[in-house]
Chemist: 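Sharing a structure here in structure tokens format.
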Amino acid sequence: MQNKLYISNLAFSIDSDALRKLLTNYGVVLSSQVILQRDTGRSRGFAFVEMSTEEEAQAAVQGLNGQPTEGRALSVAIARDRS
DNA sequence: GTTGAGCGTT
């Protein structure tokens, strides 16, 4: 089961809370995390979001991938396995 | 007030 999303091409103005609001329209967001630069704490421009089910993750991909958000067209895909 | 390809850190 892969219910994690990889989102890239994020506007720097988007934070994990903004992401959560975006994905909550397509399903239950278990967690959302924008990857931040370790040194500055600012956004690195990509993020991972975990949905309740793989089905919702797919719905979010189809719903948000390529959608202009905060001035940038989001790139949404199923995340790889980090383990 | 800065940046831009990418699959993660506490």
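To find a chain, count down the sequence lines: A is the first, B the second, and so on, and within it residues start at 1.
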Chemist: Could you list the residues that satisfy side-chain contact (heavy atoms from CB on, under 4.5 Å) with A/R42, not counting sequence neighbours?
Modeler: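 A/R42 satisfies side-chain contact (heavy atoms from CB on, under 4.5 Å) with A/Q37, A/T40 once adjacent residues are dropped.
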Chemist: Could you state the CD1-P distance from A/I14 to B/dT3, rounded to the nearest angstrom?
Modeler: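 Atom CD1 in A/I14 sits about 17 Å away from atom P in B/dT3.
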Chemist: Does any pair with a residue in residues 14-31 of chain A pass salt bridge (charged side-chain N to carboxylate O under 4.0 Å, His left out), and if so which ones, sequence neighbours excluded?
Modeler: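 Applying salt bridge (charged side-chain N to carboxylate O under 4.0 Å, His left out) to every pair that reaches into residues 14-31 of chain A, excluding sequence neighbours, yields A/D17-A/K21.
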Chemist: Check nucleotides 7-10 of chain B against the protein and report each pair of N or O atoms closer than 3.5 Å, with its distance, or say if there are none.
Modeler:
from, atom 1, to, atom 2, distance (Å)
B/dC7, O2, A/R80, N, 3.2
B/dC7, N3, A/R80, N, 3.3
B/dC7, N4, A/I78, O, 3.4
B/dG8, N7, A/Q33, OE1, 3.1
B/dT9, O4, A/R82, NH2, 3.4

Chemist: Under the side-chain contact (heavy atoms from CB on, under 4.5 Å) test, which residues partner A/S13, sequence neighbours left out?
Modeler: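 For A/S13 the side-chain contact (heavy atoms from CB on, under 4.5 Å) partners, ignoring immediate neighbours, are A/A11, A/E70.
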Chemist: Whole-Å distance between B/dG6 C1' and A/F12 CZ?
Modeler: 11 Å
Chemist: Tell me which pairs pass side chain to side chain donor-acceptor pair (under 3.5 Å) where either residue lies in residues 44-57 of chain A, with sequence neighbours left out.
Modeler: A/N3-A/E50
Chemist: Would you mind classifying the nucleic acid contact of A/I7 as base, sugar-phosphate or nothing, using non-hydrogen atoms under 4.0 angstrom?
Modeler: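 No contact.
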Chemist: List the residues meeting side-chain contact (heavy atoms from CB on, under 4.5 Å) with A/Q62, not counting sequence neighbours, and say none if there are none.
Modeler: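 A/Q62 satisfies side-chain contact (heavy atoms from CB on, under 4.5 Å) with no other residue.
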